[in-house]
Amino acid sequence: MAGLAAPQTATAADATQEQQTSTYLLFRLGDECYALPSEHVRELSRWREPTPVPGAPPVMPGIINQRGLVLPVVRLGLLLGLSDTAPDRTTRYIYAQHADIALALLIDEVIDLVPLAPATFEAVPPTLSPRHGRLFQGIARRDGNPIVLLNLAEIVAALRGEN
Amino acid sequence: MSADVILVVRMGPRSYVVRREQVHELRRMPGGPGGETVDARGKPMVNVALGPLLDPDGPQNGANNHAILVQLRRRSVAFMVDFIDRLDAPEPDEVGTPGGTAILPLPPLLKRRLARPWFAGVLIGAAGLLLVLDLRQIAQDVVLGQASQEPRQPEQP
């Protein structure tokens with residue numbers, strides 16, 4: 001009896017795990033859709049010209065003031081190896097937080113805040129270069145379209161120059 | 001206790017902040033940046049345009065006819081800028097108040113990636129963010145850079 005019951009329990013547990021979701025912020029960079037766990041997202045704002053900091057790396061060209069906090073602006077597209085786009089009316093900053101590090105991530109457009117089930121995420125394709133591949137947590141699907149899940153801890157490590 | 005005096009210096013479209021305590025003298029120098037002259041102590045003085053030094057790729061269309069003198073032990077450095085204004089920094093209990101100004105550290109993530117350690121912080125003012133220059137550090141680096149370009153004296157046996 002126990003031998004028959006066990007697979008049913010496992011199947012039920014798998015189904016429950018697949019149904020467990022977390023909330024993610026979806027956004028666009030170029031033609032691709034990306035996501036960040038909403039727990040890392042503090043706020044969103046429209047683009048405004050950052051204060052340039054001479055001698056800063058191109059990926060972190062300046063700073064902005066958001067409610068009394070001075071944050072480094074991160075050109076996320078450049079960090080991910082995408083071609084640069086000029087800011088327009090849909091350009092936004094995502095104010096993200098990882099541990100004690102706060103960032104203003106520059107992105108092309110905010111799409112939505114959606115629930116995704118981490119158990120259903122696909123692995124990052126091994127064909128990606130290790131340099132970029134480690135910045136991704138996995139691939140999700142929404143209406144058949146891929147969503148690239150970002151790994152904020154690795155993004156911060158890359159900005160620190162640690163990889 | 002009196003508040004620190006800070007100076008706002010402008011070079012072309014860019015403005016920065018300098019702590020008055022780092023500045024030995026402010027002077028009008030209509031000739032602009034030139035070669036090495038002599039300071040009030042009779043020691044050599046290096047004249048250098050601050051804008052191109054900070055940001056060689058930035059816009060450079062200033063008059064550069066005001067000098068900020070920083071005195072080092074063996075020589076002085078005259079940083080040429082377009083315009084100098086004075087600003088009274090707030091008392092500690094005024095920092096962060098609406099309409100006030102506050103000097104904060106640069107974000108550590110950015111500070112560690114800068115090409116040169118020339119910025120001491122950021123001033124949040126009514127007009128936006130202004131970078132606070134560490135003028136003594138810049139002066140020391142200018143002098144070191146110049147020393148490395150000078151022809152070396154032959155070593156004595």
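Quick note on labels: first sequence line is chain A, next is B, and so on, each numbered from 1.
In this structure, chain B has no heavy atom under 4.5 Å from any part of A/Val74. With a threshold of 4.5 angstrom between heavy atoms, A/Pro52 approaches chain B through its backbone and through its side chain. For B/Leu131, the part lying under 4.5 angstrom from a heavy atom of chain A is the side chain only. Residue A/Leu71 touches chain B through its backbone alone, counting heavy-atom pairs closer than 4.5 Å.
The nearest pair of heavy atoms linking A/Gly68 to B/Leu104 is O-CD1, 3.6 Å.
No chain of hydrophobic side-chain contacts below 4.5 Å, direct or via other Ile, Leu, Val, Met, Phe, Trp or Tyr residues, connects A/Leu150 to A/Val114. The hydrophobic cluster containing B/Val9 also contains B/Val142, counting ILVMFWY residues as joined when their side-chain heavy atoms lie under 4.5 angstrom apart, directly or transitively. In the hydrophobic clustering of ILVMFWY residues, with side-chain heavy atoms under 4.5 Å counting as a link, A/Leu149 and A/Ile107 come out apart. Linking ILVMFWY residues whenever their side-chain heavy atoms come closer than 4.5 Å, directly or via other members, places A/Val148 and A/Leu80 in the same cluster. One hydrophobic cluster, built from ILVMFWY side chains closer than 4.5 Å, holds both B/Ile124 and A/Leu103.
Under the 4.5 Å side-chain criterion, counting only non-hydrogen atoms from C-beta, B/Pro107 is in contact with A/Ile63.
Considering only heavy-atom pairs separated by less than 4.5 Å from chain A, the leading option among B/Leu54, B/Leu114, B/Leu109 is B/Leu109. Of the listed residues A/Pro50, A/Pro57, A/Ala56, the one with more heavy-atom pairs under 4.5 angstrom with chain B than any other is A/Pro57.
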Check: every donor-acceptor pair under 3.5 Å linking chain B and chain A:
| from | atom 1 | to | atom 2 | distance (Å) |
| --- | --- | --- | --- | --- |
| B/Arg113 | NH1 | A/Leu159 | O | 2.5 |
| B/Ala115 | N | A/Gly55 | O | 2.8 |

